[in-house]
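Take a look at the structure set out below.
Because the structure is a prediction, the values reported are computed rather than measured. When reading the values below, keep in mind they use all heavy atoms of this one structure, side chains included, and skip hydrogens, waters and symmetry mates.
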Amino acid sequence: MAESSSINARPQNGQTDVHEPRARKPTRIDFLRPRLSDETIGANGQVSGHASGTSSGRTTPIPENAPPSVKATSSARRQIRAERRRIFPTIEYVDRVSHFDPTSDYHDFRGFFVLFWIGLAIMVITAMLRNYKETGYPLNIRQWDLFMDKVYELAICDGFMVASIMLSLPLHKVFMNSQGIFRWSKLGMAIQSIYQVFWLTFWCTYPFIRDWSWTAQVFFTLHLLAIFMKMHSYAFYNGHLSETRRRLHDLDTPDNVSKAAAYRYPGSRTHLHEILQSPSHENNEDAEKDRLKQLREDLAMELTSPLGQVTYPQNLTVANFVDFIFCPTLCYELEYPRTSSTNWMELFYKTLAVFGCIFLLTITTEEFILPVLDESAISLQASTSASEFALILSETIGRLLFPFMVAFLLVFLVIFEYILGAFAEITRFADRQFFADWWNSCDWLEFSREWNKPVHHFFRRHVYSASRGHMSRPLATTITFFISAVAHELVMGCITRKFRGYGFVAMMLQMPIVLVQRSKWVKGRTVLNNVLFWCSMILGLAMMCALYVLV
């Protein structure tokens, strides 16, 4: 029975419907392996022809003096026949966790990304069917006139706005070559700062003077702030390099010049707590020659790009400036890593996705946000008591929770995945990580670092690190949050034409919320903190919209 491996369906004692039971798995598998008999091996050691078929009966072992080819053939035949699968397949059970388990190494959830787009497609199709049933037209976009209003003026003004920051290039050359009061460390920084203040004030007020639509102001304001940060980074980094170059040249005659340690300009990706200075030689035992040599090396290293191919002031060209304007980054560097070529099909797909996301944003706003705001505005005007006003406002916020979450995700995708990705393809910018896994954030400080890396790098480099040399870390953090809150309030005010301070207060409230989330009672509760983050995110977006539009 141990040598049987299948069901025997042959009739027994005249009964054709009686089957033998399936045999158990044999404990000695070597008994089932086919063996070559003496007859299969000829006198010359070759295997005879009928040996290739299924051997019958018990075979004898291969002789010890058999040729190696015969032994190899016999071993291969035995191995193949022994590895034949069982009739009833087995299942492999091992120690492993679910894909959703936090300890799992599985991180590919692209299917949910596809499901997100399928859900949006279903939303659009449903809205089109409803509109066709009610109006006879599949789409009724009331905002179309807003998109086309003064669009040519918007394009021209945006071009002039971008071109106007190129004044920083000739100004910087004046600061670099000046030997008097116009050098960067004297009046140069003040002149550049005053120009930036007037530049920002003029272009922020221009759309109000010309009475642009809110859609035009959304684009212009966001682009305006991005270009402003680029101008600041370009001017102040090159100003630092001009002073570093001046110190290096002064060390050619080191008798009456400063021997202080070289200041290293903070990089966009350095940690906030790092003190970016080269080590100073305060030990009296250090030789003067060694100190000067080390200082010269530090200053020369600061003037050279991390890739080692560009040295200041070789970068002070119009081509380099224009390239920086188009690169998807807000922090200026002498040189960036580049890809070998542009993927034109990828650029085409990202461009198509930009217009697709804008279309979906328009449908979401038209079908699920504007009707709620219009209805709530009428109800709030007719309200007669504070309790009724609060109830209507609360209901409006509740109805806007999901639409604004969808709108936020679409804005995030269109900016950080498709627009920045398209410019990265155009400029062959190699670093495409414009965001990290912000959806797993456990507090607002982590979210601010992960969801918008270009802006985070700018604030860390040009606000926090620049403040750390003059104040403590908590005060520098507060200054950073304050400037970020002012920028958010400026965006909301330019879009809605209402400067109410809601966005500023919401941004500043993130600091005490972070302190609570990092306390010993809450810290470490990853799921709870992530739930609190998402709840505050969803509620905050709808609340900001309702307050700025209706109140």
Residues 397-422, side-chain donor-acceptor partners within the protein, below 3.5 Å, at least two apart:
residue : atom : partner : partner atom : Å
R399    : NH1  : E375    : OE1          : 3.4

Please tabulate, one pair per line, all N/O donor-acceptor pairs under 3.5 Å involving side-chain atoms of residues 153-160, not counting sequence neighbours.
residue : atom : partner : partner atom : Å
E153    : OE1  : R210    : NH2          : 3.3
E153    : OE2  : Y206    : OH           : 3.3
E153    : OE2  : R210    : NE           : 2.6
D158    : OD1  : H223    : ND1          : 2.7
D158    : OD2  : H223    : ND1          : 3.1

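Proximity of a side-chain donor or acceptor of R428 to a complementary backbone N or O of T342 within less than 3.5 Å is not detected. In this structure a side-chain-to-backbone donor-acceptor pair under 3.5 Å is missing from S484 to F481. A donor-acceptor pair under 3.5 Å is formed between the side chain of E489 and the backbone N or O of G501. Judged purely by atom type and a 3.5 angstrom limit, R96 has no side-chain atom pairing as donor or acceptor with the backbone of Y93. A distance-only check finds a donor-acceptor pair linking the side chain of N530 to the backbone of W439 [under 3.5 Å].
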Intermediate values then yes/no, ring-ring contact (aromatic ring centres under 6.0 Å, His included), W444 and W534
CA-CA 10 Å; W444 283 99; W534 272 112; 9.6 Å; no

Residues F447, F533; criterion ring-ring contact (aromatic ring centres under 6.0 Å, His included); working and verdict
CA-CA 9 Å; F447 170 74; F533 159 74; 5.3 Å; yes

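Residues passing the side-chain contact (heavy atoms from CB on, under 4.5 Å) test with I118 are V114, I122, sequence neighbours excluded. Not counting sequence neighbours, D108 has no partner by the salt bridge (charged side-chain N to carboxylate O under 4.0 Å, His left out) test. Applying the side-chain contact (heavy atoms from CB on, under 4.5 Å) rule to I125 yields the partners L129; only residues at least two apart in sequence or on another chain are considered. By the salt bridge (charged side-chain N to carboxylate O under 4.0 Å, His left out) test, E346 pairs with K350, sequence neighbours left out. In terms of the salt bridge (charged side-chain N to carboxylate O under 4.0 Å, His left out) criterion, D437 has no residue partners (sequence neighbours excluded). For E446, the salt bridge (charged side-chain N to carboxylate O under 4.0 Å, His left out) criterion is met by no residue, not counting sequence neighbours.
Sorted by first and then second residue, the pairs that involve residues 497-511 and meet side chain to side chain donor-acceptor pair (under 3.5 Å), not counting sequence neighbours, are D211-R497, Q217-R497. Legend: salt bridge (Lys or Arg N to Asp or Glu O under 4.0 Å) pairs involving residues 352-371, not counting sequence neighbours, sorted by first then second residue: R130-E367, R142-E366. Here salt bridge (Lys or Arg N to Asp or Glu O under 4.0 Å) pairs that include residues 193-204, with residues two or more places apart or in two chains, number zero. Within the structure, every pair that satisfies the side chain to side chain donor-acceptor pair (under 3.5 Å) test and touches residues 190-202, not counting sequence neighbours, is listed here: S164-W199, S168-Q192, Q192-Q196, Q196-H232.
In this structure, F326 places its CZ atom where only 12 or fewer heavy-atom neighbours from other residues, nucleotides or ligands lie under 6.0 Å away. Environment of CZ in F423: sparse, with no more than 12 heavy atoms of neighbouring residues, nucleotides or ligands closer than 6.0 Å. A 6.0 Å sphere centred on CZ of F198 holds no more than 12 heavy atoms belonging to other residues, nucleotides or ligands. The environment of F499 atom CZ is dense: over 12 non-hydrogen atoms of other residues, nucleotides or ligands sit within 6.0 angstrom. For F355, the CZ atom counts as loosely surrounded, since its 6.0 Å shell holds 12 or fewer non-hydrogen atoms of other residues, nucleotides or ligands. For Y132, the OH atom is loosely surrounded, since the number of other residues' heavy atoms within 6.0 Å does not exceed 12.
Taking the six-membered ring where the residue is Trp, H172 and Y312 present perpendicular rings, their angle passing 60° and hence far from 30°. The aromatic rings of F175 and W184 sit tilted relative to each other, their planes meeting at an angle between 30° and 60°.
Checked for salt-bridge contact, R338 and D431 miss the test: no charged N lies under 4.0 Å from a carboxylate O.
L224 contributes atom CG, which lies 8.5 Å from atom CD1 of I227 (distance to the nearest 0.5 angstrom). One finds the CG atom of L200 at 6.5 Å from the CG atom of L490 (value rounded to the nearest 0.5 Å). If you take CD on E243 and CE on M189, they are separated by 8.0 Å, rounding to the nearest 0.5 Å. Residue R449 holds its CZ atom at 8.0 Å from OG of S441, rounded to the nearest 0.5 Å.
A donor-acceptor contact closer than 3.5 angstrom is absent between the side chains of H456 and S448.
Taking the ring axis of Y332 as reference, the NZ or CZ atom of K230 does not stay both within 45° of it and closer than 6.0 Å to the ring centre.
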